[in-house]
Amino acid sequence: MTTILVTGGTGTLGRLVTERLRADGHEVRVLSRHAQPYAVDLREGGAALDAAVAGVDTIVHCASSQTGGDEKAAAHLIAAAQQAGVRHFLYISIVGVDQVPFPYYRIKLAVEKQIEESGLGWTVLRATQFHDLVVRVLRAMAKSPVMLLPAGMSDQPIEVAEVADRLAELAAAPPAGRVTDMGGPEVRSFDSLARAYLKASGRKRAVLNVRLFGKAYRAFRAGGHLAPGHAVGKGTFEEYLARRHG
């Protein structure tokens with residue numbers, strides 16, 4: 001079996017990817033800022049990163065931060081991979097990063113380009129939003145007595161475990177370039193997702209849909225972040241809520 005490095009290996013997705021790969025018999029190194037023996041801040045790079053990557057066949061790059069630094073982190077990781085002769089660099093991205101001019105999406109797209117131009121064998125998988133991310137957003141919105149929602153928006157949440165399964169499968173295969181997107185089983189209005197969350201969590205809130213403005217909002221309304229033609233996910237939002245609040 002191969003030696004695989006999972007960045008962000010203690011996170012929501014990376015932890016599950018690590019479990020899948022180890023169950024399949026691979027040697028897995030977990031890289032994160034605090035997980036020994038491969039505690040590395042990718043934004044800083046250095047000798048510790050080189051040591052973590054040395055002898056690795058495949059990198060599964062799950063680490064990401066919405067506070068910035070992803071492009072610098074990717075540059076350090078790519079350089080270390082090139083030096084170590086890594087065979088396969090696998091990256092998890094987001095559906096719509098090339099369609100929606102949202103700042104975080106632009107960064108994810110820039111990282112995709114870095115990987116594509118690296119000279120390494122690479123695979124990029126784009127997925128729609130995870131159920132738990134949708135819930136975090138809705139929970140924050142529900143702090144107010146009136147839940148203000150972006151009018152006309154939909155989402156297609158997917159079970160994170162299903163994405164982890166797909167990444168583990170891709171990590172064990174040869175580099176495949178840009179593979180088919182993964183979308184959740186249903187495209188749902190944000191309003192319906194909010195009402196499902198309120199019902200499951202036992203919260204009572206007034207719901208008000210508010211029309212927003214800007215290029216990113218228009219792109220979201222147009223469904224640039226959706227993959228209705230690739231609704232391969234099985235687990236529904238209600239099933240996730242039942243596990244979480246049951």
Side-chain angles (χ1 to χ4, degrees), residues 6-23 28 30 32-35 60 62-67 92-97 100 102 104-105 108 125-169 181-210 220 223 225-228 230-246:
V6 180
T7 73
T10 59
T12 300
L13 175 62
R15 176 177 51 81
L16 294 177
V17 173
T18 297
E19 291 175 0
R20 294 332 188 245
L21 291 171
R22 285 178 172 162
V28 182
V30 172
S32 75
R33 284 179 292 174
H34 305 294
V60 184
C62 298
S64 185
S65 173
Q66 297 207 20
T67 60
I92 179 66
S93 189
I94 305 170
V95 170
V97 292
V100 180
F102 187 61
Y104 182 59
Y105 281 27
K108 297 290 282 188
L125 171 66
R126 293 179 181 175
T128 53
Q129 307 296 332
F130 301 153
H131 289 136
D132 70 294
L133 175 60
V134 175
V135 166
R136 288 203 303 270
V137 171
L138 293 172
R139 186 171 61 233
M141 290 177 167
K143 290 180 179 179
S144 170
V146 178
M147 205 170 176
L148 301 178
L149 304 178
M153 275 188 58
S154 298
D155 212 336
Q156 191 180 351
I158 190 169
E159 177 60 48
V160 64
E162 295 176 347
V163 179
D165 288 342
R166 178 61 173 147
L167 283 174
E169 178 184 42
D181 294 347
M182 283 191 76
E186 303 173 299
V187 175
R188 301 277 298 274
S189 72
F190 214 70
D191 183 274
S192 75
L193 293 170
R195 294 182 188 279
Y197 165 73
L198 290 173
K199 180 179 179 181
S201 62
R203 297 188 177 194
K204 295 182 185 276
R205 297 288 188 275
V207 176
L208 180 63
N209 290 277
V210 179
F220 278 125
H225 62 304
L226 305 176
H230 303 290
V232 296
K234 304 298 183 185
T236 68
F237 190 59
E238 276 76 10
E239 288 170 343
Y240 172 80
L241 290 172
R243 292 198 308 272
R244 185 183 180 100
H245 296 283

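Side-chain contact between Y240 and V135 is present, with heavy atoms from C-beta onward closer than 4.5 Å. Residues V30 and R22 form a side-chain contact, since some pair of their non-hydrogen atoms from C-beta on lies under 4.5 Å apart. Counting heavy atoms from C-beta outward, I94 and Q129 have side chains that approach closer than 4.5 Å. Between S201 and L138, every side-chain heavy-atom pair lies at or beyond the 4.5 Å cut-off. Two residues are said to be in side-chain contact when any heavy atoms from C-beta on lie closer than 4.5 Å; D155 and F220 fail this criterion.
Pairing each heavy atom of H225 with each of T128, the nearest pair is O-CG2, 3.8 Å. Nearest heavy atom pair, residue M147 against residue A194, reads CE-CB, 4.0 Å. When all heavy atoms are compared, the tightest approach of K108 to I92 is NZ-O, 3.2 Å. Heavy atoms only, all atoms of each residue included: Y197 and A142 are closest at CE2-CB, 4.1 Å. Contact between P157 and L193 at its shortest, heavy atoms only, is CG-CD2, 4.2 Å. Scanning all heavy atoms of the two residues, the minimum distance from L226 to S154 falls at CD2-O, 4.1 Å.
Formation of a donor-acceptor pair under 3.5 Å by the R126 side chain with backbone atoms of G96 is not found in this model. Remark: the backbone N or O of L198 is not paired with any side-chain donor or acceptor of K204 at under 3.5 angstrom. With E162 contributing its side chain and K234 its backbone, the two residues share a donor-acceptor pair below 3.5 Å. When atom types are taken as modelled, the side chain of T7 and the backbone of A63 share a donor-acceptor pair closer than 3.5 angstrom. Remark: the backbone N or O of T236 is not paired with any side-chain donor or acceptor of E186 at under 3.5 angstrom.
Residues passing the side-chain hydrogen bond (donor to acceptor under 3.5 Å, both in side chains) test with R195, sequence neighbours excluded: D191. With sequence neighbours left out, R136 forms a salt bridge (charged side-chain N to carboxylate O under 4.0 Å, His left out) with D132.
Summarising the geometry, atom CG belonging to L148 is positioned 9.5 Å from atom CG belonging to N209; distances are rounded to the nearest 0.5 Å. Distance check, rounded to the nearest 0.5 Å: CZ of F237 to CD1 of I158 gives 14.0 Å. To the nearest 0.5 angstrom, S93 atom OG is 9.5 Å from Y105 atom OH. Rounded to the nearest 0.5 angstrom, R205 CZ and M141 CE are separated by 13.5 Å.
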Side chains of residues 9-20: which donor-acceptor partners sit under 3.5 Å, not counting sequence neighbours?
{"residue": "T18", "atom": "OG1", "partner": "G14", "partner atom": "O", "Å": "2.9"}
{"residue": "R20", "atom": "NE", "partner": "D165", "partner atom": "OD1", "Å": "2.5"}

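Here E238 does not pair with K199 in a salt bridge; the nearest charged N to carboxylate O distance is not below 4.0 Å.
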Stepwise side chain to side chain contact (heavy atoms under 4.5 Å, CB included) test for H230 and M182: CA-CA 6 Å; H230 303 290; M182 283 191 76; over 6 Å; no

